Amino acid sequence: AKQQHDGFRRFTVDHNLDPAARLTQLGDLRRGLDDPDQFTLHYQPKIAVGTGELTGVEALARWQHPTKGMVPPNEFIPVLETTSLIHRFTDRVLALALQQARRWLDAGHRVPVAVNVSTRSLLDLSFPDRLAEALESAGVPGELLCIEVTEHSVMSDPTTAIEALRRIRAFGVKTSIDDYGTGYSSMSYLKLLPVDELKIDRSFVADMVADPSSHALVASTIALGHNLGLAVVAEGVEDPTTVAALAALACNTAQGYHFARPLPADDLTERYRLAGQL
Ligand code: C2E
Ligand code: CA
Ligand code: CA
Ligand code: CA
């Protein structure tokens with residue numbers, strides 16, 4: 001969704017798709033949601049920069065299309081966002097992520113799980129109540145869930161977003177601003193936002209070693225976040241030099257291919273079980 005200067009929100013879609021193709025894709029998405037198996041989640045570890053320990057995971061949606069194979073989220077989520085199907089999808093992702101958090105709990109591990117929530121679902125007035133129901137039916141305490149919303153979606157309608165985030169946090173659920181640095185929120189807004197975490201967009205993190213202005217942005221975001229009492233996560237960490245640069249800036253947490261790609265839950269469990277952490 002893009003905030004226009006006239007104040008209206010408009011939901012934009014993938015311009016590579018002609019209208020007929022988009023209709024076909026919507027039909028496929030609707031059937032996909034009717035099928036319990038087409039949408040799955042992969043999980044990417046969030047790692048403590050200082051110790052290398054697993055601090056949580058981010059759930060990332062995967063669509064196994066019956067004929068086209070794996071469709072990446074950036075190709076189907078914008079299409080879902082054009083209709084109310086996005087709410088069914090959000091509910092599905094939440095239920096799957098909470099089921100997994102429950103499985104880890106049953107195995108004796110408290111693994112905080114972060115779920116991405118699209119603009120349209122965040123701004124839907126029934127979302128916080130649906131979230132509470134999902135926690136209740138999965139039997140997972142709110143503290144083990146984190147909701148990631150992009151800086152863009154918050155800034156598209158700050159009043160509604162702030163109210164939603166406030167209601168979500170009242171369940172003990174953590175909130176995180178994703179893709180931070182790409183959405184032009186001012187410092188005064190950041191102070192008002194009911195959030196626990198900032199995730200620095202990977203475009204800045206990826207360039208921080210080579211590009212002084214990216215480094216400056218990462219450094220000042222970490223300092224600002226910490227001064228506001230927020231956890232700061234760097235995403236898109238691909239090499240040890242970047243890890244060292246983040247450690248020098250006292251960044252708490254990092255995510256990226258350097259540590260692990262998003263993995264099916266069983267693979268992730270196996271990997272961290274071998275490391276003695278799960
Ligand atoms: P995001 O929330 O910013 O997620 C991070 C994306 O960066 C993921 O792509 C992840 O696989 C990728 N990534 C992680 N580490 C690295 C790295 O070191 N280098 C590079 N180049 N990439 C890395 P993915 O899984 O394709 O997801 C893309 C976007 O789709 C996500 O961006 C998020 O905005 C959206 N998305 C994914 N799952 C969901 C979902 O369940 N609901 C909603 N609303 N959006 C989702
Ligand atoms: Ca995210
Ligand atoms: Ca992100
Ligand atoms: Ca992103």
Side-chain angles (χ1 to χ4, degrees), residues 1 11 14 29 32-33 38-47 56-64 70-100 112-124 127 131 134 145-154 156 161 164 174-183 195-209 218 221 231-243 246 253-265 268:
F11 293 96
D14 185 352
L29 283 163
L33 284 165
Q38 287 188 31
F39 291 97
T40 55
L41 296 177
H42 282 188
Y43 295 87
Q44 186 175 39
K46 294 169 104 166
I47 302 293
V57 296
E58 177 178 2
L60 293 155
R62 300 291 178 256
W63 182 21
Q64 185 64 48
M70 201 73 99
V71 184
N74 287 331
E75 283 179 25
F76 68 85
I77 290 169
V79 180
L80 281 172
E81 272 243 320
T82 64
T83 75
S84 59
L85 278 183
I86 189 66
H87 302 314
R88 282 186 65 197
F89 175 76
T90 299
D91 290 348
R92 175 72 53 87
V93 166
L94 266 174
L96 289 170
L98 290 171
Q99 252 169 43
Q100 184 55 47
V113 177
V115 168
N116 293 283
V117 171
S118 67
T119 308
R120 194 158 163 178
S121 287
L122 173 70
L123 300 178
D124 182 82
F127 176 65
L131 183 79
L145 179 66
C146 176
I147 294 299
E148 294 191 7
V149 296
T150 65
E151 188 184 15
H152 285 281
S153 68
V154 172
S156 73
K174 304 277 185 264
T175 57
S176 176
I177 301 295
D178 205 352
D179 300 348
Y180 186 78
T182 64
V195 296
D196 302 288
E197 179 185 275
L198 292 182
K199 291 187 85 167
I200 308 174
D201 190 67
R202 79 162 182 263
S203 58
F204 305 109
V205 176
D207 285 352
M208 71 180 285
V209 173
V218 172
T221 303
V232 180
V233 181
E235 63 175 23
V237 176
E238 296 189 352
D239 54 66
T241 331
T242 307
V243 180
L246 289 166
T253 312
Q255 244 182 292
Y257 295 167
H258 170 69
F259 303 105
R261 289 185 178 253
L263 297 165
L268 185 140

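Atoms within a ligand are numbered from 1 in the order they appear, just like the ligands themselves. What you are looking at is a predicted structure, and each value in this text was computed from that prediction instead of being measured. Both backbone and side-chain heavy atoms feed into the values below; hydrogens, waters and symmetry mates do not.
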Arg92 NZ/CZ over Phe89 ring centroid, <6.0 Å and within 45° of normal = no
Check ligand 1 against [X] and write out every atom of the ligand that is under 4.0 Å from a heavy-atom position of the residue.
{"X": "Pro73", "answer": "24 (P), 25 (O), 26 (O), 27 (O), 28 (C), 30 (O), 36 (N), 37 (C)"}
{"X": "Glu235", "answer": "3 (O)"}
{"X": "Ile77", "answer": "36 (N), 39 (C), 40 (C), 42 (N), 43 (C), 45 (N), 46 (C)"}
{"X": "Asp179", "answer": "3 (O)"}
{"X": "Glu58", "answer": "2 (O), 4 (O)"}
{"X": "Ser118", "answer": "44 (N)"}
{"X": "Val237", "answer": "18 (O)"}
{"X": "Glu238", "answer": "17 (C), 18 (O), 19 (N), 20 (C), 21 (N)"}

For ligand 1, is there an N or O atom under 3.5 Å from any N or O atom of [X]?
{"X": "Tyr257", "result": "yes"}
{"X": "Val93", "result": "no"}
{"X": "His258", "result": "no"}

Out of Ser203, Ala206, Ala61, Ser153, the nearest non-hydrogen contact to atom 41 (O) of ligand 1 is supplied by Ala61
When Thr40, Asn116, Val93 are each screened for side-chain contact (heavy atoms from CB on, under 4.5 Å) with Leu60, the one that passes is Asn116
Touching ligand 1 at all, [X]? Heavy atoms, strictly under 4.0 Å?
{"X": "Gly236", "answer": "yes"}
{"X": "Gln44", "answer": "yes"}
{"X": "Arg62", "answer": "yes"}

In this structure, CD1 of Ile77 is separated from CH2 of Trp63 (nearest 0.5 Å) by 11.0 Å
Atoms listed for the Ca ion (ligand 2) (protein only, N, O or S, under 3.0 Å, no waters) are Glu58 OE2, Asn116 OD1, Glu148 OE1, Asp178 OD2
Only residue of Glu58, Glu235, Gln255 satisfying side chain to side chain donor-acceptor pair (under 3.5 Å) with Gln44 is Gln255
Under 4.0 Å between heavy atoms, the region of Arg202 that gets near ligand 1 turns out to be side chain
Does the side chain of [X] reach to within under 4.5 Å of the side chain of [Y], using non-hydrogen atoms?
{"X": "Val154", "Y": "Val195", "result": "no"}
{"X": "Val113", "Y": "Gln100", "result": "no"}
{"X": "Leu246", "Y": "Val218", "result": "yes"}

Distance-only donor-acceptor check, side chains Thr242 and Asp239, under 3.5 Å
yes
Those residues at least two apart in sequence (or on a different chain) that pass side-chain hydrogen bond (donor to acceptor under 3.5 Å, both in side chains) with Thr182 are His152
